[in-house]
Amino acid sequence: MMNEILKPETLNIPTPSDFSFEECLAHLMRSEQETVHQVTDHSIYKAIKIDDDEPILFIIDWKPDALHVRFPFTTPSAKQKEQTASFIIEWFDLTTDLNGFYELAKHDPILSPIVQNHYGLRIMGIPNLFEALTWAIIGQQINLTFAYTLKKRLVEKYGDFVEYEGKKFYTFPSFEMVASLTTDDLRALQFSTRKAEYIIGIAQLMQGGKLDKDLLFKLETFEQKHLYLTTIRGIGPWTADYVLMKSLQESSAFPISDVGLHNALKKQLNLDRKPTMDELKELAEKWTGWQAYATFYLWRSL
DNA sequence: GACCAGGATATAG
DNA sequence: CTATATCATGGT
């Protein structure tokens, strides 16, 4: 049909009934310095690479009950459409059934009000494993504002981009690119020497085929994945949990030492101090299987 | 001007 | 094994 040909390439991705696009948007808009996506007037703009090709830009809008995806810049192949769809499904964690978590939260005085305020929020992931690892390492022990500054410098210097309507849309730097850098290259962006070593080391590990998502997926248990990650230099318990939560969709991942988590609990429990490790463990017992969602909602409460 | 940031490691005791 | 210094710099 004629208008079938003229119709721009689009993609429709159904969303669950308890999905809140606005809550997810609020998460994506939390930093002015974000460089790997942009939100304008309730539309999300993002560029990704598929098969190491040129970046593909897509725009996501939401209308009940689906995400509508446009490709303004390219006419995507069937494969590109398919990969974009899988990326978005992972990004918004659309396959997780949240009923278990919401049921649990009803009986939890800490989570209950947060879930009410942010109902429909899903864990916004970082499907790209190298990006998740790098972002976690950047965020170690520094405030989020500075972390975003460092990420912005890295992305704008070593990422690729496409231009659309006068704006640049960056993809996160590839591990191949970062594997070829020296620590001085990252020191120039004000990374600490240690973090530069960690990030380049991980990039080289990935380039050598010794670390990727498939490899982690093949490990049977959560503990095995966690152990595999923490044997890598620069990846401690917090980073492993953060990455398992944001990139591997492990709902049991629990960055228990996270400062933001501590501050959120301090606020919710009206404490004049941060919770102790014993208190954290006791609270989290009720969250078994949903620690990642409990953490993500607590972060949101800050 | 301390002190803390979405920690991890190297080194010392 | 546990304790402590170190990292780089922005925000408070």
Side-chain angles (χ1 to χ4, degrees), chain A residues 26-36 114 118 121 123-126 128-155 157 172 181-205 211 226-248 250-268 271-278 280 283-284 287 291-302:
Chain A
H27 174 82
L28 294 177
M29 291 191 293
R30 76 195 162 131
S31 173
E32 295 288 329
Q33 297 196 83
E34 183 58 78
T35 39
V36 293
I114 305 174
H118 304 289
L121 171 69
I123 291 180
M124 295 302 297
I126 306 176
N128 176 333
L129 178 63
F130 178 60
E131 178 182 345
L133 283 162
T134 303
W135 175 232
I137 290 168
I138 288 174
Q140 291 171 358
Q141 183 53 25
I142 59 174
N143 63 71
L144 269 178
T145 309
F146 184 40
Y148 273 109
T149 302
L150 291 177
K151 180 168 92 163
K152 181 176 159 72
R153 289 179 186 155
L154 180 71
V155 168
K157 187 156 179 73
F172 195 81
L181 302 180
T182 65
T183 53
D184 284 344
D185 292 328
L186 294 183
R187 283 286 298 118
L189 308 183
Q190 291 178 294
F191 282 60
S192 66
T193 306
R194 280 245 185 85
K195 285 188 182 178
E197 288 170 359
Y198 297 164
I199 290 166
I200 293 169
I202 285 167
Q204 291 172 346
L205 210 57
L211 176 62
H226 198 275
L227 183 61
Y228 190 90
L229 286 170
T230 49
T231 53
I232 297 167
R233 181 169 135 92
I235 305 180
W238 177 87
T239 304
D241 278 304
Y242 182 87
V243 167
L244 287 168
M245 165 181 173
K246 297 277 281 186
S247 202
L248 280 290
E250 289 281 353
S251 56
S252 296
F254 187 37
I256 192 167
S257 63
D258 183 82
V259 179
L261 176 70
H262 300 171
N263 286 331
L265 287 167
K266 175 185 169 188
K267 181 180 167 188
Q268 295 304 319
L271 302 173
D272 55 359
R273 53 167 179 81
K274 288 177 187 172
T276 65
M277 195 51 67
D278 284 343
L280 283 161
L283 289 168
W287 305 338
Q291 293 94 328
Y293 261 93
T295 302
F296 200 70
Y297 271 75
L298 279 159
W299 281 342
R300 167 53 70 83
S301 73
L302 288 171

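Below, chains carry the letters A, B, ... as their sequence lines are ordered, and counting in each starts from 1.
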Original post:
Between A:Lys274 and A:Val259, is any pair of side-chain heavy atoms under 4.5 Å apart?
Top reply: yes

**OP:** Measure the distance from CD on A:Gln33 to P on C:dG11 and round it to the nearest whole Å.
**Re:** 8 Å

Subject >> Side chain of A:Trp238 - closest among C:dC7, B:dC4, B:dA8 >> reply: B:dA8

**OP:** Measure the shortest side-chain to side-chain distance between A:Leu28 and A:Glu34 over non-hydrogen atoms and say whether it is less than 4.5 angstrom.
**Re:** no

Subject >> Along DNA chain B (nearest heavy atom to each residue), the more 5'-positioned of A:Gly234 and A:Gly260 >> reply: A:Gly260

Original post:
In chain order, what residues pass the salt bridge (charged side-chain N to carboxylate O under 4.0 Å, His left out) check against A:Glu131, with sequence neighbours excluded?
Top reply: none

**OP:** Say whether, by atom type as modelled, one donor and one acceptor occur between the side chain of A:Ser251 and the main chain of A:Ala292 under 3.5 angstrom.
**Re:** no

**OP:** Mark yes or no for whether A:Tyr198, through its side chain, and A:Ile235, through its backbone, hold a donor-acceptor pair below 3.5 Å.
**Re:** no

Original post:
CZ of A:Phe254 versus P of B:dG7: gap in Å, rounded?
Top reply: 14 Å

Original post:
Could you state the CG-C1' distance from A:Asn263 to B:dA5, rounded to the nearest angstrom?
Top reply: 9 Å

Subject >> Backbone N/O of A:Val243 and side chain of A:Ser247: donor-acceptor pair under 3.5 Å >> reply: no

**OP:** Please report, rounded to the nearest Å, how far the P atom of C:dT2 is from the CE atom of A:Met277.
**Re:** 14 Å

Subject >> Length of the CH2-P vector between A:Trp135 and B:dG7, whole Å >> reply: 12 Å

Original post:
Considering only the P atoms, how many Å lie between C:dT2 and B:dA5, rounded to the nearest integer?
Top reply: 24 Å

Original post:
How many Å lie between CG on A:Leu229 and P on B:dA8, as a whole number?
Top reply: 12 Å

Original post:
Dot-bracket for DNA chain C, 5' to 3', counting Watson-Crick or G-U wobble pairs under 3.5 Å, with [ ] for crossing pairs and | for inter-strand pairs?
Top reply: |||||||.||||

**OP:** Tell me which of A:Lys274 and A:Ala240 sits closer to the 5' end of DNA chain B, going by the nucleotide each one is nearest to.
**Re:** A:Lys274

**OP:** Remember a base hit wins even if backbone is also touched, and classify A:Pro255 as base, sugar-phosphate or nothing at under 4.0 Å, heavy atoms.
**Re:** nothing

Original post:
Partners of A:Arg233 by salt bridge (charged side-chain N to carboxylate O under 4.0 Å, His left out), sequence neighbours excluded?
Top reply: A:Glu197

Subject >> Sorted by number, the residues of residues 140-148 of chain A with heavy-atom contact under 4.0 Å to DNA chain B >> reply: A:Gln140, A:Gln141, A:Ile142, A:Asn143, A:Leu144

Subject >> Qualifying residues under side chain to side chain donor-acceptor pair (under 3.5 Å), relative to A:His118, sequence neighbours excluded >> reply: A:Glu23, A:Arg300

Original post:
Reckon A:Arg194 has a side-chain N or O less than 4.0 Å from the OP1 or OP2 of B:dG7?
Top reply: no

Original post:
For A:Thr149, which contact category applies under a 4.0 Å heavy-atom criterion: base, sugar-phosphate, or nothing?
Top reply: nothing

Subject >> Pairwise salt bridge (Lys or Arg N to Asp or Glu O under 4.0 Å) hits with a residue in residues 182-195 of chain A, at least two apart >> reply: none

**OP:** With heavy atoms under 4.0 Å as the rule, sort A:Leu150 into base, sugar-phosphate or nothing.
**Re:** nothing

Original post:
Heavy-atom distance under 4.5 Å between the side chains of A:Leu229 and A:Thr239, does that happen here?
Top reply: no

Original post:
Which part of the nucleic acid does A:Ile232 contact within heavy-atom distance under 4.0 Å: base, sugar-phosphate only, or nothing?
Top reply: sugar-phosphate

Original post:
What's the CG-C1' distance between A:Leu189 and C:dG10, to the nearest Å?
Top reply: 17 Å

**OP:** Quickly work out the A:His226 NE2 to B:dA8 C1' distance and round it to whole Å.
**Re:** 13 Å

